[in-house]
Amino acid sequence: MITAVIGLQWGDEGKGKIVDLLAQSFDFTVRFQGGNNAGHTIVVGDKKFALHLVPSGILHKKVTGVIANGVVVDLEVLLGEIKMLEGEGIRVKNRLFISPRCHLILPYHKALDTAYEKARGGAGLGTTRRGIGPVAADKVSYNGIRLYDLLDWKSFVEKFNFQTGIKNKILKALGVPPIQKDTELAKLKKLRSAVLPYVHDTFSLLQKARVQKKRILLEGAQAVMLDVDWSPYPYATASNTIVAAATTGAGISTRSIDKVLGVVKAYTSRVGGGPLPTEIVGSLATDLRERGGEYGTTTGRPRRVGWLDLEAVLFATQISEVTALALTKIDVLTGLPEIKVCTGYMLGGKRIPYVATGHKELTHLRPSYKIFAGWNEDISGIADFKKLPKNAQTFIRFIGDYLKLPIEIISNGQDRNAIIKSRSY
Ligand code: IMP
């Protein structure tokens with residue numbers, strides 16, 4: 001049984017919590033794209049875990065974690081996370097396997113990410129500056145260095161020196177201090193010995209698990225609206241984030257994925273630049289941001305917020321062949337007198353579908369809204385859909401009906417247990 005969890009908006013839908021909830025009944029939890037630009041927050045009692053590279057499912061003792069080939073890896077971040085987890089009594093050794101095919105985020109990638117952003121000036125994309133774009137560019141231009149290369153230190157050093165030489169010329173042209181080869185190599189040598197015990201052929205591991213009908217959970221990072229092909233490029237992240245990315249990123253064909261759970265937040269948020277058709281500004285935005293704790297897990301940046309955009313989400317469900325939904329952060333809307341939902345885009349007096357837009361159209365179009373009455377009752381402890389205020393039920397039912405998908409999970413609070421499971425649609 002293979003299930004994928006995919007974000008359907010601009011990221012930060014609360015995938016970490018959903019993965020954590022599901023992972024307890026899975027054997028494997030797998031990251032297949034992205035890198036430590038991701039930030040998955042899981043709250044367990046009074047502890048808050050923010051994971052960037054290690055799959056969130058690892059918090060459950062019986063689950064094996066896999067960082068598959070599609071993930072780009074910053075060794076320092078990865079090893080820091082492993083250390084943090086071990087410090088919290090969560091054993092990671094022999095329970096986390098990392099593909100040698102993963103490309104490495106190296107110091108020059110981070111320097112270039114920052115330098116390009118600065119060079120763009122006011123038109124910066126708002127990247128997380130974790131080196132994600134530059135490492136992806138190196139990967140497809142045959143300049144990448146993989147975990148595989150680290151197995152042979154001598155050849156790694158040669159490749160690293162060659163690449164650093166080139167990158168330092170670019171950094172110089174951008175007016176940025178060069179990378180100090182020897183200092184960085186000394187750090188990398190230490191990181192190398194710490195990471196090698198985790199390096200493993202993850203394809204064979206997952207292939208065997210699939211044949212043995214083990215339960216595999218594919219943990220998507222970022223979200224469909226940031227997909228490098230399907231977003232309003234260049235306001236994207238440097239990977240494919242749709243479910244098909246699991247095929248290239250973990251060697252698991254979409255044909256063998258039984259279920260795709262799409263995660264939708266009850267409103268919208270986005271961190272970084274780029275169009276956000278349903279964006280809310282002013283005091284309502286500040287209010288929503290504060291209630292929802294909408295600050296980046298990775299960078300701490302305040303997130304932009306907006307109304308739920310079902311035009312975009314509908315496309316996201318189609319491209320990722322979503323079979324069911326998890327609706328998150330519904331509790332954040334409590335107390336709002338009215339709640340808007342975008343049900344289509346209008347441009348020049350005509351309806352325009354999401355897929356026909358580029359970043360310019362998305363900036364200028366006018367969303368059509370359906371307006372719902374809000375509710376004031378505290379819904380955070382409610383575990384039964386029918387006990388929700390009627391107005392909340394109407395709002396939730398509309399989302400399922402519009403997207404023609406069952407809403408199987410509703411999250412109404414930060415805690416692991418703040419969940420309504422519902423299959424009654
Ligand atoms: P990059 O992935 O760091 O290159 O950033 C490109 C864009 O994707 C920026 O707008 C980031 O804010 C956004 N982004 C990247 N990762 C995440 C994520 O995990 N959640 C939300 N936004 C993200």
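Indexing begins at 1, ligand by ligand and atom by atom, following the structure's order.
Going from atom CD of Q24 over to atom CG of L59 covers 11.0 Å, rounded to the nearest 0.5 Å. Rounded to the nearest 0.5 angstrom, Q33 CD and D227 CG are separated by 8.5 Å. D309 contributes atom CG, which lies 8.0 Å from atom CD of Q9 (distance to the nearest 0.5 angstrom). Rounding to the nearest 0.5 angstrom, the gap separating the CG atom in L205 from the NE2 atom in H200 is 5.0 Å.
Taking only nitrogen or oxygen atoms, main chain and side chain alike, T128 reaches within less than 3.5 Å of ligand 1. Considering backbone and side-chain atoms together, R301 places an N or O closer than 3.5 Å to an N or O of ligand 1. The shortest N or O to N or O distance between N37 and ligand 1 is below 3.5 Å.
Across L125, V135, D12, L226, heavy-atom proximity to atom 13 (C) of ligand 1 is greatest for L226. Of the listed residues (T127, I132, N36, V271), the one carrying the non-hydrogen atom nearest atom 5 (O) of ligand 1 is T127. Comparing T241, T299, T237, D113 by heavy-atom distance to atom 2 (O) of ligand 1, the nearest is T237.
Counted by atom type alone, T334 and W375 present one or more donor-acceptor pairs between their side chains at under 3.5 Å. Side-chain N/O atoms of R130 and T128 include no donor and acceptor closer than 3.5 Å.
Contact check for I280 versus Y267: no side-chain heavy atoms found under the 4.5 Å cut-off. Contact of the D138 side chain with the K167 side chain is registered, since non-hydrogen atoms from C-beta on lie closer than 4.5 Å.
Within the structure, ligand 1 lacks G35 among the residues with a heavy atom less than 4.0 angstrom away. Residue contact check for ligand 1: Q222 places a non-hydrogen atom closer than 4.0 Å to it. Ligand 1 lies nowhere less than 4.0 angstrom from a heavy atom belonging to Y235.
Scanning the protein heavy atoms around atom 6 (C) of ligand 1, the nearest turns out to be A236 O, 3.0 Å.
Contact atoms of ligand 1 toward G272: 10 (O) (distance under 4.0 Å to a heavy atom of the residue). Every atom of ligand 1 is numbered from 1 in the order shown, and the set under 4.0 Å from a heavy atom of W10 is 21 (C), 22 (N). Numbered from 1 in the order shown, with element, the atoms of ligand 1 that lie under 4.0 Å from a heavy atom of G126 read 9 (C), 10 (O), 11 (C), 12 (O). Close approach of ligand 1 to A38 (heavy-atom distance below 4.0 Å) involves ligand atoms 19 (O).
Around atom CD of E76, no more than 12 heavy atoms belonging to other residues, nucleotides or ligands sit under 6.0 Å away.
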ask   = Should D12 and R303 be marked as a salt bridge (Lys or Arg N to Asp or Glu O under 4.0 Å) after you check the CA-CA gap, both sets of side-chain angles, and the distance that decides it?
value = CA-CA 9 Å; D12 311 310; R303 295 179 187 143; 3.3 Å; yes
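At a heavy-atom distance under 4.0 Å, no atom of A223 approaches ligand 1.
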